[in-house]
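Just below is one structure, and these are the notes that go with it.
Just so we're clear, the structure is a prediction, and the values are computed from it rather than from any experiment.
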Amino acid sequence: MFAKSSVVSERFECVMVAYRQGKISLLILYLACLGIGSFWIWHHSKASLYQEHAEQLERFTLFISSKLDKYAHIPELIAKDDLLVGLLQSPSNSAQKDITNRYLESINNTIQSTDVYLLDTEGTTLAASNWNLSRSFVGKNYAWRPYFYHAVKGQAAQYFALGSSSKQRGYYFSYPVIYAADVIGIIVVKMDLSTIEANWKDSNSIFVATDDNQVIFMSNKEGWLFKSLIPLTSQTRQQILNSRQYLDQPVRSLNLYGDVTSKQTELVTPHTSRLASDYLMSSLAMENHPLTIRVLTSKLTLLWPALSYGLLLTLLFVIAYLSILLNYQRQLKKRQFEQLQYEAKQKAEFLVMERTAELHAEIGEKIKTETKLRETQDDLIQAAKLAVLGQMSASISHELNNPLAAIRSFADNGRRFLEKEKFERVDDNLSRISALTDRMAKISQQLRTFSRKSDRQDRAKQSLIPIIESAHELLIAQLKSYQINFQIDIPESLPQVDVNAIQLEQVVINLVTNAIQAFEVQQQRHVCLSVKVMNQSLIITIDDNGPGIELTQQRELFKPFVTTKKNGVGLGLSISQQLIEAMQGQLEVDSSPLGGARFIISLPSA
């Protein structure tokens, strides 16, 4: 006992040490995986984000270039029109001016631009597509715009700025109108930039287009328009204000810091530790236009993959820790169980001896009870059999009295024939007496066989035909007494069945007797017994044309003490069902095609 207890204690100490070491190792592994994995995921997400930026920039610059290039050569084509030359040569000709206004209006509608207008060499607007609107450019001077003084020198120019009249952003394309090798005017086409911004839709990133001073001129974030990405010097601010590129609107700064000249960089907001205020930025300068397209994404987006990894890793390690803890608890409970098992074993050894003696006594008592129950059941079956014989006694007595009377008559006749020496007639009477005694002996033999007490286990493979014929012999007198037309329909060859012949005969007699006793006022009384083979079973059917059994009574008919007879006990059908079930068969009741009741015996063929 003490040796076993010592082994259990040593085993428990080993489990405790392994549990502590496992917790420490698991914690170290968790911290290492968390640090290395988070670092790798952060940088991998960063590289993936820059790759996504590059694809977006490539797509946006191609889209912007296609939009701007669509209008880049239009001023040059319009500048060659004679209508423009005619108005520039005769600016006071109102008819010429009206024709030119309508011409520029039609061009503007065709190319889907914002405005198209014509300037003289002093920068004054002579004709415009918006001549009939309240914001008409006609008569206004734009000599201060860079697109004018570049074009007046004979060069094509591009410029983006806020419109001085419309107060809307526009991209301007200008080209000189040349006549006789001299610049006599400027044609300007203005396009709207909102169609470009409408294509910049992304909930995670901010898209901007900046000029050389890092001032945002286009963006999908409206609050960033006309602000500089990085802080500007006072001199740069004054230059922007003097150029009136953004009119008199002061240029504020987003106060981001970083290398804006690099293609990929990080912009941070000083004096704040929030990742949402810091950005990863990618830039791409356009070749033919003075714009730099930039994509900015908050560094907070890099945090989510790392947090997801950390959460998943934590979950996995929690599961691992719980597994270790569960194993430890199992070992602890196992140790406690072994201790309890050992103690319980000692107590059980004493209880087993006491209980064994009690069980022997109980088993003996149970065997006696079962033996007595079997004897009672056999006695009950025998009583039911004798009750059937009692019911048939009057008919059997009549069946025996007739031969006895005939024997006496034949004996008296034989004595007289003997006196008269008519030996042939004597021999005939003696032969008839012998036949009658054989018939009586046969009835007596059947009664002795039927009344003999049998065991349920006394079963053998045999044919049904002799059993049914024997039952019929015992029932002949009763059938005659009640004037019943009894028909038997049995095939010539039947498979054998494994049954107790006496008990099966008792069931058949009991069912036919019930049918006989069920007749009340019927003039024509018919009982039919038929046998057929179906699905490896022999089916014995007993039909009558009596009053039948109601459906509600059929469900309760085989229960003990349930009867449809006035003076019935209600045990005959219950016993019959038990006998058939002991032979692995079934006894059922149904309505008969003859109009009465039908009892069906199903027995498995052997």
Under 3.5 Å, is there a donor-acceptor pair between the S205 and T297 side chains? yes
[X] side-chain N/O to [Y] backbone N/O, donor-acceptor pair under 3.5 Å:
X    : Y    : value
D278 : K299 : no
N485 : Q524 : no
D544 : G546 : yes
T301 : S298 : yes
S605 : Q536 : yes

Which heavy-atom pair separates [X] from [Y] by the least distance, and what is that distance?
X    : Y    : answer
Q577 : F558 : OE1-CB, 3.4 Å
D543 : P593 : OD1-CD, 3.8 Å
Y309 : L34  : CE2-O, 4.1 Å
Q584 : P604 : O-CD, 3.3 Å
A306 : I41  : N-CG2, 3.9 Å
Q462 : V499 : NE2-O, 3.4 Å

Got a sec: does the [atom1] of [X] have more than 12 other heavy atoms crowding it under 6.0 Å?
X    : atom1 : answer
Q483 : CD    : no
I36  : CD1   : no
R59  : CZ    : yes
F337 : CZ    : no

4.5 Å side-chain heavy-atom contact, [X] and [Y]:
X    : Y    : result
N514 : L573 : yes
M583 : N500 : yes
N510 : I575 : no
H53  : Q51  : no
I539 : I601 : no
F317 : L27  : no
V507 : I580 : yes
I540 : I600 : no

Roughly how far, to the nearest 0.5 Å, is CD of E550 from OG of S591? 10.5 Å
Side chain to side chain contact (heavy atoms under 4.5 Å, CB included) between L587 and S576, intermediate numbers included: CA-CA 8 Å; L587 175 59; S576 297; 3.9 Å; yes
Can you classify the ring geometry of H44 versus W40 as parallel (below 30°), tilted (30 to 60°) or perpendicular (above 60°)? parallel
Does a salt bridge link D498 with R459, judged by any charged N lying under 4.0 Å from a carboxylate O? yes
Would you please indicate yes or no on a ring centroid separation below 6.0 angstrom for F60 and F207? yes
Centre-to-centre under 6.0 Å for F486 and H526, is that the case here? no
Verdict with supporting geometry, T513 and L475, side chain to side chain contact (heavy atoms under 4.5 Å, CB included): CA-CA 8 Å; T513 301; L475 289 167; 3.8 Å; yes
Show the atom names and distances, to 0.1 Å, of all donor-acceptor pairs under 3.5 Å that link a side chain in residues 489-496 to residues at least two apart or in another chain.
none

